[in-house]
Amino acid sequence: MDGKPQVEVFDDPAALADAAALAIVHEAVAAVAARGRFLIALAGGATPRETYSRLARPPHDAAMPWRRTYAFFGDERWVPPDHPQSNFRMAHEALLSKVPIPPDQVFRMGCEGDDPEAAAAAYARTMAEVFGARRGEVPRFDLILLGMGIDGHTASLFPGSPALREVFRTVAAVHAAAAAIPQRLTLTFPVLNAAACVTFLVAGAEKARAVRSVLAEGALLPAGLVRPQDGRLVWMLDRAAAARLG
Ligand code: 6PG
């Protein structure tokens, strides 16, 4: 990362979603122009839904290069894809079911069965194949979208998790005791910090303390450890989440 994160504050969640959708289109068009395709990792949770909905309707739906877009996920809860808490289900309902992205260019984290470690390894193999990554090479996403929890977690990288220390595997199976659904899969810091651009979408007063900790106090919370080595880091906040930045 060439320096401090780019911090953008918007009046409310709707304005944040408008700006985020536009930013994603810009990244996608630039990636396709430069490299012929757009490789994105979608964030889970509730915040991105509004942004995804905007991408699925005018004017953004026609501007996005869907046929050149490859959509992965930053993390997933260990639930079926039709479960109300599934990150895939949220993105599918808000966006993926409404746009002409080829189905074989959407890569869901397979969170079925009873072997999360095997599922993590399988997703890592799929990612490596699609990126054409050689053995030991870390896939470089054009854009990774992330959210942040009130405890500073991002993706499914929670404070105190052994996954925070992962330096080789690109996908980890984690058990986050503090989470409503503890078993999850998550991209790891090697992937997050290899991206060309990482954009956090954070809204709500309940996030203001964690936002201050990470952006103003340099707290080494998981979200604060996302620092792309050779890429841009953008924090898109609503006014409520930015309230303690001073
Ligand atoms: C998850 C998400 C997680 C999320 C934050 C914020 O699967 O839970 O990946 O990292 O981004 O918890 O969630 P909200 O947007 O719902 O506040």
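Both ligands and their constituent atoms are indexed starting at 1 by order of listing. The structure displayed is predicted, hence computed values, not measured ones. Nothing fancy with the numbering, it's 1 onward along the sequence. Both backbone and side-chain heavy atoms feed into the values below; hydrogens, waters and symmetry mates do not.
Considering backbone and side-chain atoms together, A46 places an N or O closer than 3.5 Å to an N or O of ligand 1. Taking distance alone, with nitrogen or oxygen atoms compared against 3.5 Å, N87 approaches ligand 1 more closely than that limit.
For E206, the closest heavy-atom approach to ligand 1 does not fall below 4.0 Å.
V9 and V198 fall within the same hydrophobic cluster, where Ile, Leu, Val, Met, Phe, Trp and Tyr residues are linked whenever their side-chain heavy atoms come under 4.5 Å apart, directly or through other members. No chain of hydrophobic side-chain contacts below 4.5 Å, direct or via other Ile, Leu, Val, Met, Phe, Trp or Tyr residues, connects L22 to L201. I24 and V234 sit in two unconnected hydrophobic clusters of ILVMFWY residues. Membership requires side-chain heavy atoms under 4.5 Å apart, directly or through other members.
Distance from atom 5 (C) of ligand 1 to its nearest protein heavy atom, with residue and atom name: H153 NE2, 3.5 Å. Nearest non-hydrogen protein atom to atom 6 (C) of ligand 1 is M148 O, 3.4 Å. Here the heavy atom of the protein found nearest to atom 13 (O) of ligand 1 is G45 CA, 4.0 Å.
Residue D75 approaches ligand 1 through these ligand atoms, each under 4.0 Å from one of its heavy atoms: 1 (C), 2 (C), 7 (O), 9 (O). Listed by atom number, the atoms of ligand 1 under 4.0 Å from G147 heavy atoms are 11 (O). Each of the following atoms of ligand 1 lies closer than 4.0 Å to a heavy atom of R184: 1 (C), 7 (O), 8 (O). Listed by number with element, the atoms of ligand 1 under 4.0 Å from a non-hydrogen atom of R77 are 1 (C), 7 (O), 8 (O). Set against the non-hydrogen atoms of K207, the atoms of ligand 1 under 4.0 Å away are 6 (C), 14 (P), 17 (O).
Within 6.0 Å of the CZ atom in R239, the count of heavy atoms belonging to other residues, nucleotides or ligands exceeds 12. Atom CG of D104 is surrounded by more than 12 heavy atoms from other residues, nucleotides or ligands within 6.0 Å.
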F131 and F72: ring pair (Phe, Tyr, Trp, His ring centres under 6.0 Å), yes or no, with the steps? CA-CA 11 Å; F131 278 76; F72 290 79; 5.6 Å; yes
Could you please spell out the steps behind the ring pair (Phe, Tyr, Trp, His ring centres under 6.0 Å) verdict for F73 and Y123? CA-CA 10 Å; F73 288 80; Y123 199 74; 7.9 Å; no
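For atom 3 (C) of ligand 1, the nearest non-hydrogen atom from the set G44, G149, A155 belongs to A155.
With hydrogens and angles disregarded, no donor-acceptor distance shorter than 3.5 Å links the side chain of S86 to the backbone of D82.
For the pair R37 and Y70, the cation sits on the ring face: its NZ or CZ lies under 6.0 Å from the ring centre, inside 45° of the axis.
Residue T47 touches ligand 1 through backbone and side chain together, judged by heavy-atom distances below 4.0 Å.
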